[in-house]
Amino acid sequence: MKGMRSWAEIDLAKLERNLRLIRESIPEDFKYISVVKADAYGHGILPTASRLMQSGVDLFAVANIKEASEIREMGSGWPILVLGPLLEEEDDALVELDLVPSVSSVEEISRFQKLSKQTGKKIEVHLKVDTGMGRMGSWWEHASTVIEKIYSSDGLELKGVLTHFAEPSNEEFSRLQRDRFQKIISKNLPSPLPPNFIVHADNSSSLKIMEKDSVFNAVRIGLLQFGVTPPIDSALAHLPVEPVLSFHAKLALVKDLPAHTSISYGRLHKLNRPSKIGIISAGYGDAIPLHCGNQASALIRGQSYPIVGRVTMDQTLIDLTDGPNDLANGEVVTLIGQQNGNSIPLEALALHGKTIPWELLCSVTKRVPRIYLTKRE
Ligand SMILES: *Cc1c(COP(=O)(O)O)cnc(C)c1O
């Protein structure tokens with residue numbers, strides 16, 4: 001990769017294959033809501049969403065209007081669900097871009113009803129129910145009022161209901177959340193549900209949709225489609241999804257230092273022998289988590305070398321003392337992904353960096369060019 005100090009390689013064929021694998025393992029009539037918020041988890045929304053459009057997703061979900069507008073520019077017909085609450089100043093864009101908001105409150109419904117009257121357009125909404133997440137959504141015990149309000153607003157059409165799990169690894173609490181959700185649905189919604197009405201909760205961590213009594217008919221998948229598995233044992237945790245993103249930089253300097261020298265800010269590492277230290281051309285200003293200093297390793301020619309000392313904004317240090325003598329300027333260093341048959345999973349780097357895979361993907365900065373492998377299988 002000439003001219004690049006660090007870069008992320010994004011393999012779209014793998015994205016496509018992951019999507020296929022996930023689809024094959026959920027019931028056939030389920031809708032697949034592809035979550036592509038935060039620039040498609042750092043993968044770049046335009047190339048990923050356009051490949052996903054060709055590979056069979058049913059809806060897109062994003063966090064906000066700005067992200068929705070990027071998808072809307074690519075295709076006018078795609079249903080786009082906005083997961084986060086809207087600012088009132090964004091209401092006009094909602095109608096212009098033909099988006100579906102997730103509503104939580106009577107106030108929002110009044111706002112959207114007014115908006116519908118002003119614009120003469122029907123607004124489709126999904127109702128978010130707070131069954132225990134304590135974030136957005138109508139608290140489940142208050143949800144009946146909100147649903148009635150939607151049904152009595154002729155400018156709005158209820159097209160789906162959703163909830164979100166707070167602690168998917170806790171089966172008992174998740175069961176409680178499911179039961180609360182189920183109660184709201186059976187008490188307030190027509191049975192059978194209208195055609196194309198969708199009921200969704202499960203994401204990458206909490207796929208329990210195969211349960212027989214399930215009310216669900218859609219999933220909202222983010223992380224897993226990018227080939228990264230959540231750090232808990234979920235129903236789909238064993239699917240052989242493959243990481244879509246890998247991250248690389250280069251060796252920019254190699255130098256010899258005497259024993260007892262301290263390395264980098266805070267002097268957190270001391271050399272216990274005469275050592276050869278390499279400087280990698282990337283730091284936390286690219287994607288390497290601050291806290292993986294003295295914890296993680298990097299690959300050169302498929303060999304693993306420890307990251308030593310604190311990671312800095314632009315440079316990260318590795319100990320090359322046990323490596324061959326000819327390691328030199330320009331050598332490719334892999335921090336996430338495969339190299340010569342060896343690999344560092346993103347999950348491992350996240351763990352060493354005291355962070356979670358979601359955050360690590362969001363911290364691949366603008367400085368890092370994304371290189372797309374677009375070949376089809
Ligand atoms: C981000 C998000 C998802 C996707 O979660 P993953 O764990 O990445 O699959 C689903 N639903 C909501 C409400 C979200 O905010």
Side-chain angles (χ1 to χ4, degrees), residues 15 18-19 21-23 25-26 30-43 45 48-49 52 57-68 71 79-86 99-104 108 125-140 159-170 174 177-178 181 198-209 216-239 241-245 346-347 350 355-364:
L15 177 66
N18 294 341
L19 171 63
L21 272 172
I22 301 168
R23 280 218 88 129
S25 54
I26 58 178
F30 268 47
K31 296 272 190 269
Y32 187 100
I33 307 172
S34 179
V35 182
V36 290
K37 60 197 181 189
D39 204 25
Y41 292 50
H43 293 69
I45 196 162
T48 51
L52 287 162
V57 309
D58 300 299
L59 287 88
F60 285 103
V62 291
N64 59 47
I65 295 277
K66 168 85 173 27
E67 295 175 347
I71 299 183
I80 304 172
L81 178 67
V82 183
L83 294 171
L86 261 65
L99 309 175
V100 180
S102 318
V103 297
S104 305
E108 286 170 313
V125 301
H126 281 207
L127 171 73
K128 180 101 181 228
V129 182
D130 181 358
T131 54
M133 173 69 184
R135 193 173 60 172
M136 65 179 290
S138 161
W139 178 246
W140 69 284
K159 294 291 279 187
V161 284
L162 67 151
T163 190
H164 197 52
F165 297 112
E167 191 186 6
S169 59
N170 182 335
S174 302
Q177 286 196 265
R178 282 174 201 276
F181 194 51
I198 63 174
V199 181
H200 49 113
D202 286 277
N203 58 24
S204 302
S205 310
S206 57
L207 292 152
K208 284 275 158 69
I209 28 103
F216 301 99
N217 61 10
V219 292
R220 296 190 303 270
I221 305 289
L223 193 72
L224 198 64
Q225 66 193 353
F226 298 108
V228 181
T229 39
I232 69 155
D233 192 27
S234 68
L236 295 189
H238 307 292
L239 276 186
V241 291
E242 291 175 273
V244 173
L245 176 143
L346 180 131
E347 293 88 332
T355 179
I356 52 173
W358 294 267
E359 190 191 32
L360 180 50
L361 283 169
C362 289
S363 51
V364 180

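One-based numbering along the sequence shown. What you are looking at is a predicted structure, and each value in this text was computed from that prediction instead of being measured. Note that ligands are numbered from 1 as they come in the structure, with each ligand's atoms numbered from 1 the same way.
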Asker: Under the rule for ring-ring contact (aromatic ring centres under 6.0 Å, His included), what residues qualify as partners of H164, not counting sequence neighbours?
Answerer: none
Asker: How would you list, by chain and number, every residue that makes a side-chain hydrogen bond (donor to acceptor under 3.5 Å, both in side chains) with Q177, sequence neighbours excluded?
Answerer: T131
Asker: Of all residues at least two apart in sequence or in a different chain, which pass the salt bridge (charged side-chain N to carboxylate O under 4.0 Å, His left out) check with R220?
Answerer: none
Asker: Taking the ring of F216 and the ring of F30, is the distance between their centroids below 6.0 Å?
Answerer: no
Asker: Any sub-3.5 Å donor-acceptor pair from S102's side-chain atoms to H126's backbone N or O?
Answerer: no
Asker: Kindly say whether Q225 contributes a backbone atom to a donor-acceptor pair with the side chain of N18 at under 3.5 angstrom?
Answerer: yes
Asker: What residues sit with at least one heavy atom under 4.0 Å from ligand 1?
Answerer: V35, K37, Y41, L83, K128, R135, H164, N203, S204, R220, I221, G222, L223, W358
